[in-house]
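Read the numbers this way: they start at 1 and go in the same order the structure lists the ligands and their atoms. What you are looking at is a predicted structure, and each value in this text was computed from that prediction instead of being measured. Numbers here simply count residues along the sequence, with the first being 1.
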Amino acid sequence: MTTGRARLMIPGPVDVDGDVLAAMAEPVHPHYGGDWLAIYDEAVEHLKQVFGTRNDLYLMAGPGSAALNAALGSLLRTGDKVLVVQNGFFGDRLASMARAFGLEVRQVTAPLGQPVEPSAVRRALSAGADVQAVAVVHLETSTAVLNPVQGIAAAARDFEVPVIVDAVSSMGGVPLPVDEWGIDICVTVPNKCLASPAGVAPVSISQRAWDQMRRKPDRGHGWYLNLETWKEFATKWGSWHPTPTTLPTNVICALLVSLRRIMEEGLEIRYQHHLHAAQSVRTGLRRMGFEMFTPDAYASPLLTAVRGIPGLDVEDLRRYLLEERQVMVSGGLSELRGKVFRVAHIGKAASQEYVDQFLAGVEAYLKLRGRDLPSISDGG
Ligand SMILES: *Cc1c(COP(=O)(O)O)cnc(C)c1O
């Protein structure tokens, strides 16, 4: 498959605006010194607003997985128990990361396409689980389910267990007030809802999380991915060189351009925009006979997972959209491969232009293959 100039309607990376891209081509800043600090600090301040937090927040070079690794490895020692919410590919990924540190994983699961309820987490915690952290994905990108993180965090707080949230695909796209909901470590990336290129992972850390780390020194989980290393540099070298290592400074300059735009636009308006796009996409698809994989009640406004219909080859539809219509959407992950496709409507992909191009492409495909399809007018 070639992507050419296709419009990205996948759940990351996302298309970015020209002025954000242009920042990538500016002369390179070193990752220290006064000029750099002005840029870094402004980016961090905007991110704290997006996160709704007054906690420490760092920009860790790497993908979201780097910061998720750091969260698990910093908060927990080999042999510790962690309760992982698992209802899809990315929840399973968190469990794999935890096992790679020698952590003992306790699971709370739900069938694919359904959220894990806070009551299930509460039951797991009250059954004497003796866990030292709860880890949960906010938007489970494999199924479009938005897990009820507010209730899950409240349950964890009642048991005084810190909560790690993978908000890689949701932060900046839907409300996720970190302090109000009592989230201890929260991770995202620029290249999904923050509408800029990949390369750093913003991560916030609460005082409760720092306290747990201080009580449990010598975790033996390395230096770069140890959040305490990041704290040490932010504290000791904060006025000159706020991070332990070199940063992709152009990536952060681009992120800053996007963050300024997001703050100017207003977070609420952005959230509304995504809701509206989700409605257009789902209404349009239902009109053509498709059923959504995820019930609307749990579905994130950022991403729609769509069931294939009998006689329709989901992968052929994706190929057509990409090659003939210049729209890239995602397929199903793992066991959902060939059974669903996923269309993201975040940032630019939430615009009427993108949504219309996508829906027109699907309609054209159905007409093209119409003979092989059951009568779609009977469909729901
Ligand atoms: C995309 C995604 C990831 C992976 O992020 P990387 O930056 O590739 O490490 C993790 N979790 C969720 C929920 C995602 O959507």
Open item on the list: Tell me whether Arg106 contacts the main-chain N or O of Asp130 through its side chain, where contact means a donor paired with an acceptor under 3.5 Å.
Closed with: no
Task: Close residues, ligand 1: non-hydrogen atom nearer than 4.0 Å - done: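 Residue list for ligand 1: Pro63, Gly64, Ser65, Phe90, Val137, Leu139, Thr141, Asp166, Val168, Ser169, Val189, Lys192.
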Task: Check: Phe341 ring centroid to Phe290 ring centroid under 6.0 Å - done: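 Yes, close enough.
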Open item on the list: The criterion is ring-ring contact (aromatic ring centres under 6.0 Å, His included); which residues satisfy it with His31, sequence neighbours excluded?
Closed with: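 His31 satisfies ring-ring contact (aromatic ring centres under 6.0 Å, His included) with His241 only.
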Task: Counterpart residues, salt bridge (charged side-chain N to carboxylate O under 4.0 Å, His left out), relative to Asp296 (two or more places apart) - done: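 Checked Asp296 against salt bridge (charged side-chain N to carboxylate O under 4.0 Å, His left out); matches are Arg286.
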- [ ] For Asp313, check salt bridge (charged side-chain N to carboxylate O under 4.0 Å, His left out) against everything at least two apart and list the hits.
- [x]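 With sequence neighbours excluded, Asp313 shows a salt bridge (charged side-chain N to carboxylate O under 4.0 Å, His left out) to no residue whatsoever.
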Task: NZ (Lys236) with more than 12 external heavy atoms under 6.0 Å - done: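 Result for NZ/Lys236: open.
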